[in-house]
Colleague: 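Sharing a structure with you now.
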Amino acid sequence: PLPGSWRIRLTEFAWSAKPDIKGLADYLCLLKLLILMMIVIIFMLTNNKIIYAINLNGKILNNIYVQDINLSDLTKEEATKKINSYIEQNNEFELFYNNESILVNKETLGVDYKVDELVDRAYSIGRDKDLITDMKTKISLKKGEKKIIPLTCSYNIKKVDNLIDKIYSKLYISPKDASAKIVNGNIVVYEEHKGQAVDKENLKDIIVYKIENLDSSQSEIPLDVLNPKYTYDQLMKIDTLLGSYETYFNPKRKNRVNNITVAAKSTSDILVNTNEKFSFNQQLRDNDAYNKLKVASIILNGKHDKGVGGGICQVSTTIYNAALYAGMDIVKITNHSIPSPYVTKGRDATVSNGSMDFVFKNNNNNPIIVHNEIFENKIVSKIYGCSSDKRNIEIETEIVETIKNKKIYKSDSKLQKGTKVVEQEGRLGYTVNTFRLYKSNNEILKKELVNTSYYPPCDEIILKGTKDNTLYK
């Protein structure tokens with residue numbers, strides 16, 4: 001029913017009404033408001049100055065960007081062409097360092113910018129929501145608000161890593177250590193050279209940024225400085241002889257002399273840094289010395305025998321004693337099963353590739369140099385270091401126990417009765433302690449037990465003849 005009170009009576013084709021004047025006015029006011037709202041809505045829907053191009057004839061709305069690329073009022077085809085053109089213009093970038101320059105084409109990295117997907121996203125803005133939401137979007141775009149779609153892409157990470165590896169190999173410079181040699185008894189030091197290496201992680205970040213942001217600007221290749229292990233200033237501190245020792249050999253035993261010479265050269269002029277270890281076997285392996293050794297006399301299982309490398313133990317023994325006097329920490333030491341003729345009991349160091357090694361550690365505050373010299377009938381090992389690390393050291397050995405051997409007789413039917421022949425020479429066994437004495441002004445400051453050597457006894461074996469040549473008639 002209409003507002004107010006209307007009474008309508010039909011009498012003899014006539015009517016009469018008594019309207020409610022206030023209610024009628026309210027009704028008319030509401031009716032006007034509704035009509036006005038309809039006019040506004042129709043105006044908004046038909047006026048492209050307020051909501052421009054609801055249909056827009058298939059074009060992307062104004063103020064829509066992909067990254068920095070303005071796609072306003074473009075068709076999908078036009079937007080695709082514009083993005084591809086922009087990609088083409090920014091498809092290469094340059095990496096440089098000093099005089100080195102590398103031009104990188106992003107296509108070689110398997111880059112795909114998903115252009116069709118980007119255009120579809122741009123076109124859908126203002127079209128993919130409900131009517132009111134799309135209307136608000138279009139109004140805000142018309143007023144100048146920008147909608148920026150971030151650039152998305154994919155790339156082949158393996159190709160990026162391969163590029164980085166190639167650049168790394170091209171620009172890598174190995175650092176060169178300062179070096180020191182003993183020339184005519186003098187310490188000669190040569191300067192170091194720093195190296196360089198590409199910072200792979202940093203370079204990867206740069207390349208990925210350029211791919212993802214269509215950046216075509218130049219970028220410097222990030223490099224790390226590689227410092228050498230030894231510097232000139234460091235090695236210049238080596239200024240004195242810390243310890244030395246010499247042993248003698250028979251120059252007529254040519255194969256043994258060869259082995260001594262090979263081992264001595266392989267372990268000479270070796271720098272050992274603070275807290276580093278010197279391994280005799282490792283030095284021989286590093287210098288391919290084991291392939292240069294010949295067959296000579298060796299000790300095997302408590303007996304003299306022949307084998308490849310006979311004589312290298314004399315070198316390890318000589319260095320061992322020099323290390324004792326130089327104050328080095330003895331890490332690994334093994335004595336022979338038979339006392340050596342070229343050194344006092346308790347002061348020999350046997351070695352064997354893969355099983356027994358001689359190892360010491362530089363416990364000084366500065367590097368040292370191990371230097372060997374070969375003369376006609378002797379080897380001299382010297383250890384040089386810093387004078388501030390020099391100590392007054394003496395070496396003592398003590399035979400703790402002398403172990404008697406047995407004399408064993410065996411019958412031999414091939415020998416004449418009453419004949420005796422020594423089949424195996426016997427020898428005594430020993431347990432020997434080796435001490436290092438640190439002294440000052442003839443006073444012992446410290447007495448250190450370095451090693452206990454055990455030389456097992458060897459039984460003497462005598463053959464007794466049992467053959468009887470008596471003739472019976």
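These numbers come from a predicted model, not from an experiment. In what follows, every heavy atom counts, from backbone to side chain, and hydrogens, waters and symmetry copies are set aside.
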Colleague: Within a 6.0 Å radius of atom NZ on K378, are there more than 12 heavy atoms belonging to other residues, nucleotides or ligands?
Modeller: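 Result for NZ/K378: enclosed.
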
Colleague: Does a donor on one side chain sit under 3.5 Å from an acceptor on the other, for S355 and S352?
Modeller: yes

Colleague: I'd like to know if the side chain of N255 and the backbone of A296 have a donor-acceptor N/O pair within less than 3.5 Å.
Modeller: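 No, the answer is negative, given that no donor and acceptor are paired below the 3.5 Å cut-off.
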
Colleague: Is there a donor in the side chain of N91 and an acceptor in the side chain of N105, or the other way round, less than 3.5 Å apart?
Modeller: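 N105 and N91 do have a side-chain donor-acceptor pair below 3.5 Å.
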
Colleague: Hey, can you pull the donor-acceptor pairs under 3.5 Å for the side chains in residues 173-188, sequence neighbours left out?
Modeller:
residue : atom : partner : partner atom : Å
D177    : OD1  : K229    : N            : 2.6
D177    : OD1  : Y230    : N            : 3.3

Colleague: Using a distance-only test with no angle check, is there a side-chain donor-acceptor pair under 3.5 angstrom linking N62 and S72?
Modeller: yes

Colleague: Please check if the number of heavy atoms outside E88 that lie under 6.0 Å from its CD is greater than 12.
Modeller: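 12 or below, so no.
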
Colleague: Quick one about S266 and N287 (side-chain donor to acceptor, distance below 3.5 Å, no hydrogens or angles considered), yes or no?
Modeller: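 Not at all, the side chains of N287 and S266 share no donor-acceptor pair under 3.5 Å.
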
Colleague: Hey, are N202 and D205 close enough side-chain-wise for a donor-acceptor pair under 3.5 Å?
Modeller: no

Colleague: Among residues two or more places apart or on two chains, list those pairs meeting side chain to side chain donor-acceptor pair (under 3.5 Å) that have a residue in residues 313-324.
Modeller: T247-Q314, T247-T318, R256-Q314, N321-R347

Colleague: Can we say K200 and D161 salt-bridge, meaning some charged N sits less than 4.0 Å from an Asp/Glu carboxylate O?
Modeller: no

Colleague: Under 3.5 Å, is there a donor-acceptor pair linking the side chains of S279 and N281?
Modeller: no

Colleague: Counting only heavy atoms not in K390, do more than 12 sit closer than 6.0 Å to its NZ atom?
Modeller: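 Check passes, neighbour count above 12.
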
Colleague: Could you verify whether a donor N or O on one side chain and an acceptor N or O on the other, from D389 and N366, lie under 3.5 Å apart?
Modeller: yes

Colleague: Are D329 and K361 ion-paired here, with the side-chain N under 4.0 Å from a carboxylate O?
Modeller: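 Salt bridge between D329 and K361, a charged N being under 4.0 Å from a carboxylate O: no.
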
Colleague: Indicate whether the side chain of R436 and that of N451 have a donor and an acceptor atom separated by less than 3.5 Å.
Modeller: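 Judged by distance alone, the side chains do not pair up.
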
Colleague: For the residue pair S216 / Q89, report whether a side-chain donor-acceptor contact shorter than 3.5 Å exists.
Modeller: no

Colleague: Should the pair D116-K114 be classified as a salt bridge under the 4.0 Å nitrogen-to-oxygen rule?
Modeller: no

Colleague: Just by distance, no angles: are the side chains of N364 and T274 close enough, under 3.5 Å, to form a donor-acceptor pair?
Modeller: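 The criterion, which ignores hydrogens and geometry beyond distance, is not satisfied for T274 and N364.
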
Colleague: Between R121 and Y123, is NZ or CZ placed under 6.0 angstrom from the six-membered ring centre and within 45° of the ring axis?
Modeller: no

